[in-house]
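Here is how names work: the chains are called A, B, and so on, in the same order as the sequence lines, proteins then strands, and each is numbered from 1.
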2 protein chains.
Amino acid sequence: MARWQPDAPGRLAAAALDLFEEHGYENTTVIEIAERAGLTKSTFFRYFPDKREVLFGRGTLTDLLVEGIASAPPAAGPLDAVADALDALGRTFFTADRREFSGRRQAVLNANTELREREALKRTGLTASMIEALSRRGVPSLTARVAAELGALVWEIAYDQWIDPDNSEGFGPLARQALAEVRTAAAVR
Amino acid sequence: MARWQPDAPGRLAAAALDLFEEHGYENTTVIEIAERAGLTKSTFFRYFPDKREVLFGRGTLTDLLVEGIASAPPAAGPLDAVADALDALGRTFFTADRREFSGRRQAVLNANTELREREALKRTGLTASMIEALSRRGVPSLTARVAAELGALVWEIAYDQWIDPDNSEGFGPLARQALAEVRTAAAVR
DNA sequence: GCCAGTGATGGGACTTGGTCTCATGGACCG
DNA sequence: CGGTCCATGAGACCAAGTCCCATCACTGGC
């Protein structure tokens, strides 16, 4: 028998999400989270650099996105490369079994400014990664920046729809459709 | 003679910027800031909701932007309305006398993640305001979202250039030029 | 001239997030 | 059987942020 229960960070994340739903982010103490997971404050901060990060940690997500952009066909334009990457994400990360969790998580995020702040930073980090990945494809700097911003917007739109319980479409198709719409909207002057 | 020295929040902000430059944001204590301003921790938190905000408070900036968008000629397209608003900002807010301060402030911001986090949140807030202002002009939702994102990008580019000591152009013209470039970049597929 | 009200500030107790250092104790290896 | 890992616990410590009440100079009415 294992000396300790397995997957301490996972238990902490689950406990945190539960408690944030029950009492709100601000009314939940790190000690309470740790206790519910059968651990202590010390262990919490060993796995997460701060209280917010317990809701964000899951992410090799940036790597997946960058990889997706890099492996798009060489002839593809910048936005198409981003589309391919989003598609890949839909296949490997935003899978149906994560939908419910993502929805709960997002509801908690939306309810708290501190958490939205962290989310905003993650978004800029993601955008920066996209810009870099596009640059490596030879896309000129400014074009890359524009494509990355539009890509982030597409992401947002698709993610919001994907989370919606009334919707059953996969993330990939939603992103494709959102991208098409953003494209036409960007053509309007 | 006045009972207290005037402009407590201004003194606090100035003291904070000095100290952040000298020792870094993280190595500066709220108590130290307050002391340098001849005040106390209590007074600091009376004027600023948290330590970060001492570098952001100056902003009725959102209002100016919204107003600028609203007062653009009715026939103007969404991006043109944003351009007008940025122009107005250049006239009323990003004036030459604020350039040095803005540069110092930005250097401090760039050096610290916590501060960039707040900056990212402010940016999303700004984008949201732009979207709303564009919606009130009758711009369709998605078009507004795209225009706002591109507007924010233009803002960023122009702001970076405006801060640069090697540059002496005003904010308005820089924004106009950045907008033109972003427009052509957005046309690339 | 006195006195009560006002408003900016000070003081200090208290909670929580976050850091750091050292102790513990079961499992694995020789 | 004994030593060595290594995940965890324990607790001191600091700074951010909240709260409540005290202070004290000025103001206006009487």
Can you identify which nucleotide, out of [options], has its nearest atom closest to the [X] side chain?
X        : options                   : answer
Leu39(A) : dG12(C), dT19(C), dT8(D)  : dT8(D)
Ala8(A)  : dT9(C), dG18(C), dT8(D)   : dT8(D)
Ser42(B) : dA16(D), dG12(C), dT19(C) : dG12(C)
Phe45(A) : dG18(C), dA10(D), dG11(C) : dG18(C)
Arg46(B) : dT8(D), dT9(C), dT19(C)   : dT9(C)

(message) With a 3.5 Å cut-off and heavy atoms only, can you find an N or O donor on one side and an acceptor on the other between the side chain of Lys41(B) and the base of dG11(C)?
(response)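 No pair found.
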(request) Look at the side chain of Lys51(B) and the base of dG17(D), then say whether one donor and one acceptor between them are separated by less than 3.5 Å. (result)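 Answer no: no donor N or O sits under 3.5 Å from an acceptor.
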(message) Could you go through Glu117(B) and Lys122(B), starting from their C-alpha distance and side-chain angles, then the distance that decides it, and tell me whether this counts as salt bridge (charged side-chain N to carboxylate O under 4.0 Å, His left out)?
(response) CA-CA 9 Å; Glu117(B) 199 167 23; Lys122(B) 297 282 178 180; over 6 Å; no
(request) Check whether any side-chain N or O of Arg11(B) sits under 3.5 Å from a backbone N or O of Pro6(B) as a donor-acceptor pair, and report yes or no. (result)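 Yes; judged by distance alone, with no hydrogens or angles, the pair exists.
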(request) Kindly confirm or rule out a cation-pi arrangement of Arg99(B) over Phe94(B), judged by NZ or CZ under 6.0 Å from the six-membered ring centre and within 45° of its axis? (result)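 No - Arg99(B) does not lie over the ring of Phe94(B) by the 6.0 Å and 45° rule.
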(request) Give a yes or no on whether Gln161(A) atom CD has more than 12 heavy-atom contacts from other residues, nucleotides or ligands under 6.0 Å away. (result)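 More than 12 heavy atoms, drawn from other residues, nucleotides or ligands, come within 6.0 Å of this atom.
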What is the distance, rounded to the nearest whole Å, between atom [atom1] of [X] and atom [atom2] of [N]?
X         : N       : atom1 : atom2 : value
Phe44(A)  : dT16(C) : CZ    : P     : 15 Å
Arg52(A)  : dT16(C) : CZ    : P     : 17 Å
Glu117(A) : dG17(C) : CD    : C1'   : 15 Å
Glu26(A)  : dT15(C) : CD    : P     : 18 Å
Glu35(B)  : dT9(C)  : CD    : P     : 16 Å
Gln5(A)   : dG26(C) : CD    : P     : 15 Å
Phe48(B)  : dA16(D) : CZ    : P     : 15 Å
Asp50(A)  : dT16(C) : CG    : P     : 17 Å

(request) Verify the contact: side-chain N or O of Thr29(A) to OP1 or OP2 of dT15(C), cut-off strictly under 4.0 Å; return yes or no. (result)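 Answer is no, no contact under 4.0 Å.
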(request) Hey, can you tell me if Phe171(A) and Trp155(A) have their rings parallel, tilted or perpendicular (30° and 60° cut-offs)? (result)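 The arrangement is perpendicular - the two ring planes meet at more than 60°.
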(message) Need one value for Tyr47(B): base, sugar-phosphate or nothing, where a base atom within 4.0 Å counts as base even if backbone is also close, heavy atoms only.
(response)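 Contact class for Tyr47(B): sugar-phosphate only.
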